[in-house]
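Single-structure report; data block below.
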Amino acid sequence: MGKKRTLGGALLATAILTVAGCGGGGATSTETAKAPADPADASGTIKVLTARTDLVQNGTMARYAADFNKTYPKVKVRFEALTDYEGEVKIRMNTEDYGDVLMIPAAVSKNDYPKFFAPLGTTADLSATYRFSDKTDVGGKVYGIAQFGTANGFLYNKAVWKKAGITRWPATPREFLGDLRAVKAKTDALPYYTNFKDGWPLTAWSNSIGSVTCDAKADDRLAGAVSPWKPGGELNTIDSLLYDIVKGGLSEKDPSTTNWEASKGLIAQGKVATMHLGSWAITQMRDAAKKAGTDPDDIGFMPFPVRKGGKYCAVLASDYQQAVNIHSSHKAAARAWIDWFTQKSGYSAKEGAVSALKSAPMPGTLKDFADNDVTFLERSEAKTGEVNTIDNAAEIGLNKPDYRQKLVDLARGAQHGSLDDYFTDLDKRWDAAARTAGS
């Protein structure tokens, strides 16, 4: 399988409390997981947890480990691939046995990182080398380094859109909806695919926060009683577009039947025209096109349909962050793997993703963005801890699928209620949580 994330939905809040209360949560790390000055100093067997079952099964990760051993011959790397990564790891974190290197689960609150992960260095030092360092900054220390970054937008089949008579990117949500209607009227393709059933693809819509207003600090601005879904607000614009797509009959009739793996072939073959995802997915969809015997270059990527000052903006957000287990007996070897994998493996380039290394160029998958002067903004994570606290207290889940699944159900009539009433309720819960969080 490809990149898949399963978040625990209603069980996630319970998991957060459980994870924070026992197992790894009993200690706070002060010992920095430093990279060895001499590769020969790193030794031992380390277990690396990953969600990329496909890359473990086809031997790709083993090849990475073999290359790693050319520099670190005394370290043996073992991989454990988990299909339900989030669900399984949050349970394991009630013990001390959750690998030596792991991707930080969404279930762990940012402010709790020191209870589970060894610090990797100061934010001041690491931010000079790596993008997205403030994502895991707690008290001036970094607890995870991004595997890569991603821009958010819409994957689309260029051939289908061209057949519908569309020759340029839409500049407003209204134009975007009009284009989807043209796809419906003039082609046999489904205009939009929600990936509702798997759930996690719906969380990608939150990564467009900042792209609407061209503001890298838009996420930070959610840290307060700010009514995020008020008219004119970014989440109002983002979620209204998803609602209008479904309400307008431009997506699948029964979203409970969607399938993430199948969706790759559907867009590659032109049976689906458009999906909202991160730019990491471009490579997977183009690979699906090769397997289907269609043109990989038909898989395009467009920014969120809003322009600021005549230009589109795309926020670069961190993907999963790799961290070192606070209980690992081989912290130097674990840190050596993280640095090597980020800097030397070529993983982000192969995935067509934005490298966490500041010195690396933008990937070829974003050539259309570069050619059309799309402004890239690295998303600030300075107040992520505060935003997460409010989000959890409000029981909304900006990075969980539940509230957008309800949005889709409202739009298709599977639940009763209006969009305005739903936004009013979300604002009320958010603002109430903001006023009481931390008190």
Side-chain angles (χ1 to χ4, degrees), residues 3 32-39 41-42 46-52 55-56 60-73 75-81 85 99-105 113 116-138 141-151 278-280 283 316-325 328 330-366 376 378-379 381:
K3 182 186 180 92
T32 301
K34 295 181 179 179
D38 183 345
D41 292 339
I46 59 172
K47 181 190 290 185
V48 178
L49 304 186
T50 177
R52 292 303 300 267
L55 299 186
V56 171
T60 298
M61 295 308 295
R63 290 190 288 275
Y64 282 133
D67 287 343
F68 172 75
N69 283 144
K70 294 175 184 177
T71 303
Y72 296 95
V75 180
K76 181 176 177 60
V77 183
R78 292 172 48 227
F79 299 100
E80 184 173 358
Y85 184 86
D100 295 281
V101 176
L102 69 158
M103 302 180 302
I104 297 178
Y113 288 175
F116 299 99
F117 313 117
L120 305 180
T122 67
T123 304
D125 287 341
L126 292 181
S127 62
T129 301
Y130 294 113
R131 294 185 174 103
F132 318 117
S133 295
D134 61 351
K135 172 78 171 180
T136 61
D137 168 87
V138 181
K141 294 181 179 178
V142 170
Y143 289 86
I145 293 173
Q147 291 191 114
F148 54 74
T150 185
S279 58
W280 55 264
T283 300
L316 302 179
S318 168
D319 192 77
Y320 270 124
Q321 304 263 341
Q322 290 199 101
V324 175
N325 184 344
S328 173
H330 304 291
K331 289 185 177 67
R335 174 61 187 279
W337 169 260
I338 290 175
D339 281 350
W340 180 89
F341 192 71
T342 308
Q343 298 181 17
K344 305 293 185 182
S345 71
Y347 175 71
S348 63
K350 289 184 177 69
E351 293 297 307
V354 178
S355 175
L357 274 179
K358 286 188 171 181
S359 59
M362 283 292 163
T365 48
L366 291 176
F376 292 108
E378 184 178 330
R379 182 171 69 184
E381 301 278 359

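Sequence positions, counted from 1, serve as the residue numbers for this chain.
Screening Y72, F68, Y64 for a ring pair (Phe, Tyr, Trp, His ring centres under 6.0 Å) with W337, the sole residue that qualifies is F68. The side-chain hydrogen bond (donor to acceptor under 3.5 Å, both in side chains) test with Y130 is passed by exactly one of D125, T342, D339: D339. A side-chain contact (heavy atoms from CB on, under 4.5 Å) with T123 is found for exactly one of V142, V138, T136, namely V142.
Of all heavy-atom pairs spanning K350 and T283, the tightest one is O-CG2, 3.7 Å. Counting all heavy atoms, side chain and backbone alike, V324 lies closest to K331 at CG1-CG, 4.0 Å. When all heavy atoms of A65 and V77 are compared, the closest pair comes out as CB-CB, 4.1 Å. Nearest heavy-atom pair across P119 and K141 is CB-CD, 4.0 Å. Between M362 and L316 the shortest heavy-atom distance is CE-CD1, 3.4 Å. Considering all non-hydrogen atoms of both residues, V101 and Q322 come closest at CG1-OE1, 3.6 Å.
Between L102 and Y85, some side-chain heavy-atom pair lies under the 4.5 Å cut-off. The side-chain heavy atoms of R52 and E351, taken from C-beta on, include a pair separated by under 4.5 Å. Side-chain atoms of T50 and V56, non-hydrogen and from C-beta on, do get closer than 4.5 Å to each other. The shortest side-chain heavy-atom distance between F132 and Q321 falls under the 4.5 Å cut-off. Residues S348 and V354 form no side-chain contact, since every pair of their non-hydrogen atoms from C-beta on lies 4.5 Å or further apart.
At least one donor-acceptor pair closer than 3.5 Å links the side chain of T150 to the backbone N or O of S279. Under a 3.5 Å cut-off, the side chain of S328 and the backbone N or O of D100 do not form any donor-acceptor pair. Using a distance-only test at 3.5 Å, with no hydrogens or angles considered, a donor-acceptor pair links the side chain of N69 to the main chain of V75. In this structure, the side chain of T32 does not engage the main chain of K34 through any donor-acceptor pair within 3.5 Å.
One finds the CG atom of D137 at 10.0 Å from the CG atom of L126 (value rounded to the nearest 0.5 Å). Interatomic distance, T60 OG1 to Y347 OH, rounded to the nearest 0.5 Å: 9.5 Å. Taking CG of N325 as the start and NZ of K47 as the end, the distance is 10.5 Å to the nearest 0.5 Å. Between the OG atom in S345 and the CZ atom in R63 there is a gap of 13.0 Å [rounded to 0.5 Å]. The CD atom of Q147 sits 12.0 Å away from atom OG of S355, with the distance rounded to the nearest 0.5 Å. Rounded to the nearest 0.5 Å, atoms OH (Y143) and OH (Y113) are 11.5 Å apart.
Between R379 and E381, at least one side-chain nitrogen of the basic residue sits less than 4.0 Å from a carboxylate oxygen of the acidic one, meeting the salt-bridge criterion. Between K358 and E378 there is no salt bridge, since no side-chain N of the basic residue sits under 4.0 Å from a carboxylate O of the acidic one.
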TODO: Determine, step by step, whether I104 and F116 satisfy the side-chain contact (heavy atoms from CB on, under 4.5 Å) criterion, reporting the C-alpha distance in whole Å, the side-chain angles of both residues, the deciding distance to 0.1 Å, and the verdict.
DONE: CA-CA 9 Å; I104 297 178; F116 299 99; over 6 Å; no
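With a 6.0 Å radius and a threshold of 12 heavy atoms from other residues, nucleotides or ligands, R78 has its CZ atom at or below the threshold.
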